[in-house]
Amino acid sequence: MSDADKVFAGSIPGIYDTYFVPMIFSEYADDIARRVAALTPSALLEIAAGTGAVTRAVAAALPHDFRYVATDLNDPMLAVAARRQGEDHRISWRQADASALPFGDAEFDAVCCQFGAMFFPDRVKAYAEAKRVLKPNGTFLFNVWDRIEENVFAHVATLALGELFPDDPPRFMARTPHGYFDQAIIRADLERAGFRDITIEMRPALSRAPTPDLVAFTYCQGTPLRGEIETRGDLQAATDAVAEAIRARHGSGPVEAKIQALVITARP
């Protein structure tokens, strides 16, 4: 993973939240929220909160009074999350690195994270930090994307961009969002961090969008893939090429395709 893979700035946070969240994140956010609600935490930490898809879902699922700290490495993403959530006395927002959490030991009943672990430079260190801030009987709950071949729109976009830039294909989607899916590796990383009770569940879903053009725009211009494209050529031409590839496979009207994630629950 390159440093650029972690940059969500400029227009990316707005596009990401407006289009990507309903396209691929909302269903999984609701799933995380249901699982968190079942834990009935009095103190919850979210790491890599992004633009707040999980934060909003959890806040709706847990109407009672509780302490909720939502963090992210990228201030621009967190600013969108805070603005979308509005005033909520239960929630505080804090810029934080998952590998060096600014909290004391055993502060939280649960730690959750949606599609953030793939971006951690040192996952074992980040997992150890999650364990450190958890109470002894706490739960670490997170998800990651499965291999890119199981996530059709991302795969089609990557293949189309590979044809457009054959000498130096943009590989952000395969390298980072869909680069951490090996269950044996995930389990080993968690065990090295001190977790012992680990379950991993495969969860398929459908991604839907009104047009192929919107899918292409979202992937090409609402993620760090944008920077990779811009260093190689024209952003709009690349977006159009991805849209055409999706149109050729799925048609010109409303489109849908498989997405798949792994949901992981870990306890010390």
Side-chain angles (χ1 to χ4, degrees), residues 1-9 12-13 16 25 28-29 32 36 41 43-55 58 67-82 91-136 138-145 172-173 175-198 200 223-224 227 261-268:
M1 180 178 65
S2 71
D3 288 342
D5 287 1
K6 297 178 287 183
V7 177
F8 288 78
I12 289 176
Y16 181 101
F25 292 117
Y28 290 104
I32 291 284
V36 168
L44 171 66
L45 172 66
E46 183 181 356
I47 52 180
T51 59
V54 165
T55 318
V58 169
R67 178 189 176 214
Y68 190 172
V69 183
T71 70
D72 197 89
L73 183 64
N74 290 278
D75 271 331
M77 298 286 276
L78 211 57
V80 172
I91 303 173
S92 59
W93 309 91
R94 186 161 180 177
Q95 191 276 338
D97 184 339
S99 298
L101 294 171
F103 307 106
D105 296 352
E107 279 197 35
F108 299 94
D109 302 295
V111 175
C112 67
C113 178
Q114 166 139 294
F115 300 122
M118 308 90 70
F119 294 89
F120 298 159
D122 186 335
R123 296 184 185 99
V124 174
K125 186 175 181 180
Y127 296 162
E129 277 290 274
K131 180 178 178 293
R132 180 184 65 80
V133 303
L134 276 172
K135 295 176 183 178
T139 300
F140 180 30
L141 173 64
F142 68 103
N143 54 20
V144 296
W145 290 116
F172 165 73
M173 296 305 302
R175 179 178 61 247
T176 301
H178 299 283
Y180 185 59
F181 57 82
D182 189 307
Q183 295 189 31
I185 291 174
I186 295 169
R187 189 177 295 275
D189 287 346
L190 286 163
E191 289 174 346
R192 287 173 62 197
F195 288 97
R196 294 294 174 262
D197 181 4
I198 302 163
I200 302 176
T223 75
L262 305 175
V263 183
I264 302 98
T265 303
R267 297 181 178 88

(message) Please identify which of these residues, F142, F140, Y127, meets the ring pair (Phe, Tyr, Trp, His ring centres under 6.0 Å) condition with F195.
(response) F140
Distance, nearest 0.5 Å, that separates [atom1] of [X] from [atom2] of [Y]:
{"X": "I264", "Y": "N143", "atom1": "CD1", "atom2": "CG", "value": "7.0 Å"}
{"X": "L44", "Y": "I91", "atom1": "CG", "atom2": "CD1", "value": "9.5 Å"}
{"X": "Y180", "Y": "I186", "atom1": "OH", "atom2": "CD1", "value": "5.0 Å"}

Please check this pair: side chain of [X] against backbone of [Y], looking for a donor-acceptor N/O pair closer than 3.5 Å.
{"X": "R196", "Y": "E191", "result": "yes"}
{"X": "Q183", "Y": "I200", "result": "no"}
{"X": "D97", "Y": "S99", "result": "yes"}
{"X": "Q95", "Y": "L73", "result": "yes"}
{"X": "R132", "Y": "L101", "result": "yes"}
{"X": "D182", "Y": "I185", "result": "yes"}

Atom of [X], atom of [Y] and distance for their closest heavy-atom approach:
{"X": "P268", "Y": "K131", "result": "CB-CE, 4.0 Å"}
{"X": "A48", "Y": "G116", "result": "CB-CA, 3.8 Å"}
{"X": "C113", "Y": "F120", "result": "SG-CZ, 4.1 Å"}
{"X": "A49", "Y": "L78", "result": "CB-CD1, 4.4 Å"}
{"X": "P102", "Y": "A96", "result": "CD-CB, 3.7 Å"}
{"X": "L45", "Y": "F103", "result": "CD1-CE1, 3.6 Å"}

(request) For the residue pair Y28 and W145, categorise the inter-ring angle as parallel (less than 30°), tilted (30 to 60°) or perpendicular (more than 60°). (result)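 Taking W145 first and then Y28, their aromatic rings stand perpendicular (interplane angle over 60°).
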Is the closest side-chain heavy-atom distance between [X] and [Y] below 4.5 Å?
{"X": "T55", "Y": "E46", "answer": "yes"}
{"X": "F119", "Y": "T176", "answer": "yes"}
{"X": "V263", "Y": "L141", "answer": "yes"}

(request) Please indicate whether K125 has more than 12 foreign heavy atoms, meaning atoms of other residues, nucleotides or ligands, lying under 6.0 Å from its NZ. (result)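 Counting other residues, nucleotides and ligands, NZ of K125 stays at 12 neighbours or fewer.
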(message) Listing request: all salt bridge (Lys or Arg N to Asp or Glu O under 4.0 Å) pairs with a residue in residues 67-82, at least two apart in sequence or in separate chains.
(response)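 Listed by first then second residue: R67-E107.
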(message) Assess the residue pair Y16 and V80 against the criterion (side chain to side chain contact (heavy atoms under 4.5 Å, CB included)); give the C-alpha distance rounded to whole Å, side-chain angles, the decisive distance to 0.1 Å, and a yes or no.
(response) CA-CA 10 Å; Y16 181 101; V80 172; over 6 Å; no
(request) For R94 and T71, test the side chains for any donor-to-acceptor distance below 3.5 angstrom and give the result as yes or no. (result) no
